[in-house]
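For ligands, and for the atoms within them, numbers begin at 1 and follow the listed sequence. Note that the structure is a prediction, hence the values are computed from the model and not measured. Side chains included, hydrogens not; waters and symmetry mates left out as well; all remaining heavy atoms used.
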Amino acid sequence: MKIALLGGTGNLGMGLSLRLAILGYEVIVGSRSEERAKRRAEEYKVILSEKGFSGKIRGLTNSEASKLCEIAIITVPWEQAFMLVENLKIELNKKITISPIVPMKKDGIFFRYVEIPEGSAGEKIARILKDSRVVSAYHNVPADRFADLDSKFDWDVPICGDDDEAKKVVIEMTNEVKGLRGLDCGDLRNSKMVESLTVLILNLMAKNKLKEIGVKFC
Ligand SMILES: NC(=O)c1ccc[n+]([C@@H]2O[C@H](COP(=O)([O-])OP(=O)(O)OC[C@H]3O[C@@H](n4cnc5c(N)ncnc54)[C@H](OP(=O)(O)O)[C@@H]3O)[C@@H](O)[C@H]2O)c1
């Protein structure tokens with residue numbers, strides 16, 4: 001299965017690229033720049049081989065990556081994500097498209113959730129990509145720890161979506177990643193709760209000097 005990481009050159013895209021490639025998924029790192037995408041793909045392959053893994057990873061523009069993939073994950077900052085998918089509607093038509101997007105802004109030492117008129121980032125993406133199968137997931141996964149292949153973790157990943165079949169595919173894919181447990185979190189109207197949980201996590205980290213914590217429901 002081909003998975004595109006749109007903006008896969010960045011923090012969360014790196015972790016997802018590495019972890020999905022290890023599982024045997026064909027990873028396509030997307031970028032605005034084909035050159036940067038190819039360079040990051042090569043770097044990710046080096047990281048895998050240094051840890052004794054191999055994987056299929058290549059780099060392409062976001063548009064080419066969207067065309068070729070079966071599943072796309074939108075790993076770009078929230079301010080840019082909506083415009084990005086607006087321009088990729090045709091390429092992402094009917095495809096499972098995952099939103100890990102957390103709309104937030106810094107306010108002193110704290111982060112605040114930015115209210116989205118559609119209800120949440122996930123719902124706004126679904127409104128734009130009305131012919132795609134939008135699933136909301138991975139908001140609470142801390143990128144640096146996730147990308148470190150030596151790090152051990154045990155995190156839950158609440159997953160929301162209006163398309164039950166698409167959501168099931170994403171839950172199963174998530175459960176394949178060592179240390180992650182995908183949990184069905186209902187339809188996309190629940191995405192706001194999951195997105196804003198990341199803001200809570202970041203504020204807990206800031207106030208209590210904690211590093212890169214995830215969530216576990218137990
Ligand atoms: N970081 C985390 O711990 C974390 C955890 C959970 C969820 N998330 C969510 O995941 C998403 C990505 O976060 P991140 O920290 O991985 O982001 P990031 O590293 O800051 O950026 C990811 C990539 O986005 C692309 N990008 C930057 N500006 C852009 C623009 N104007 N238009 C199009 N693409 C642009 C860049 O790729 P190119 O320059 O190569 O195009 C960049 O490498 C965010 O929506 C965030 O809310 C992040």
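- Only the backbone of His139 comes within 4.0 Å of ligand 1, counting heavy atoms alone; no side-chain atom from C-beta on gets that close.
- The option from Pro100, Gly59, Gly7 that lies nearest to atom 9 (C) of ligand 1, judged by heavy atoms, is Pro100.
- Distance screen at 4.0 Å: atom 13 (O) of ligand 1 has no protein heavy-atom neighbour inside the cut-off.
- By the 4.0 Å N-to-carboxylate-O rule, Lys192 lies too far from Glu195 to be salt-bridged with it.
- Under 4.0 angstrom from ligand 1, there are no non-hydrogen atoms of Thr198.
- Each of the atoms 38 (P), 40 (O), 41 (O) of ligand 1 lies under 4.0 Å from some heavy atom of Ser31.
- Between Leu202, Val141, Ile101, Val76, it is Val76 that holds the heavy atom closest to atom 11 (C) of ligand 1.
- Ring orientation note: the planes of Phe82 and Trp78 are nearly perpendicular, at an angle over 60° on the 30°/60° scale.
- Residue nearest to atom 31 (N) of ligand 1, selected from Glu212, Gln80, Glu35: Gln80 (by heavy-atom distance).
- With 3.5 Å as the limit, one finds no donor-acceptor pair spanning the side chains of Ser191 and Glu123.
- Applying the side-chain contact (heavy atoms from CB on, under 4.5 Å) criterion to Ala126, with sequence neighbours excluded, gives Val134, Leu188.
- In summary, of the residues considered (Arg19, Lys56, Glu176, Glu70), a side-chain hydrogen bond (donor to acceptor under 3.5 Å, both in side chains) with Tyr25 occurs for Glu176 alone.
- Of the N or O atoms in Leu12, one or more lie within a sub-3.5 Å distance of an N or O in ligand 1.
- In this structure, Arg112 places its CZ atom where more than 12 heavy-atom neighbours from other residues, nucleotides or ligands lie under 6.0 Å away.
- Between Asn11 and ligand 1, an N or O atom pair is found at a separation short of 3.5 Å.
- Under a 4.0 Å criterion applied to the non-hydrogen atoms of Val102, ligand 1 contributes the atoms 47 (O).
- Put simply, the side chain of Pro100 reaches to within 4.5 Å of the side chain of Ile73, judged on heavy atoms.
- Using a 4.0 Å cut-off between heavy atoms, Arg36 contacts ligand 1 through its side chain alone, with no backbone atom that close.
- No side-chain donor from either of Tyr113 and Thr198 sits under 3.5 Å from a side-chain acceptor of the other.
- Heavy-atom contacts of Tyr138 reach the following atoms of ligand 1: 6 (C), 7 (C) (cutoff under 4.0 Å).
- Regarding atom 22 (C) of ligand 1, its nearest protein heavy-atom neighbour is Thr75 O, 3.3 Å.
- For ligand 1 and Ala143, the ligand atoms under 4.0 Å from any heavy atom of the residue are 1 (N), 2 (C), 3 (O).
- Compare Leu84, Leu16, Thr9 by their heavy atoms: the one nearest to atom 43 (O) of ligand 1 is in Thr9.
- Salt bridge Glu86/Lys89: present, at least one basic N to carboxylate O contact under 4.0 Å.
- Under the salt bridge (charged side-chain N to carboxylate O under 4.0 Å, His left out) test applied with Asp163, the options Lys168, Lys94, Arg133, Lys130 reduce to a single match, Arg133.
- In summary, Lys167 and Asp162 do not engage in a salt bridge, as defined by a charged side-chain N under 4.0 Å from a carboxylate O.
- Counting non-hydrogen atoms of other residues, nucleotides and ligands closer than 6.0 Å to CD1 of Ile90 gives a total of 12 or fewer.
- Ligand 1 lies out of reach of Ser33, whose nearest heavy atom is not under 4.0 Å from it.
- When only non-hydrogen protein atoms are considered, atom 33 (C) of ligand 1 lies nearest to Arg32 CD, 3.5 Å.
- Pro77 CD, 3.3 Å is the protein heavy atom nearest to atom 24 (O) of ligand 1.
- If you number the atoms of ligand 1 from 1 as listed, the ones under 4.0 Å from a heavy atom of Trp78 come out as 45 (O).
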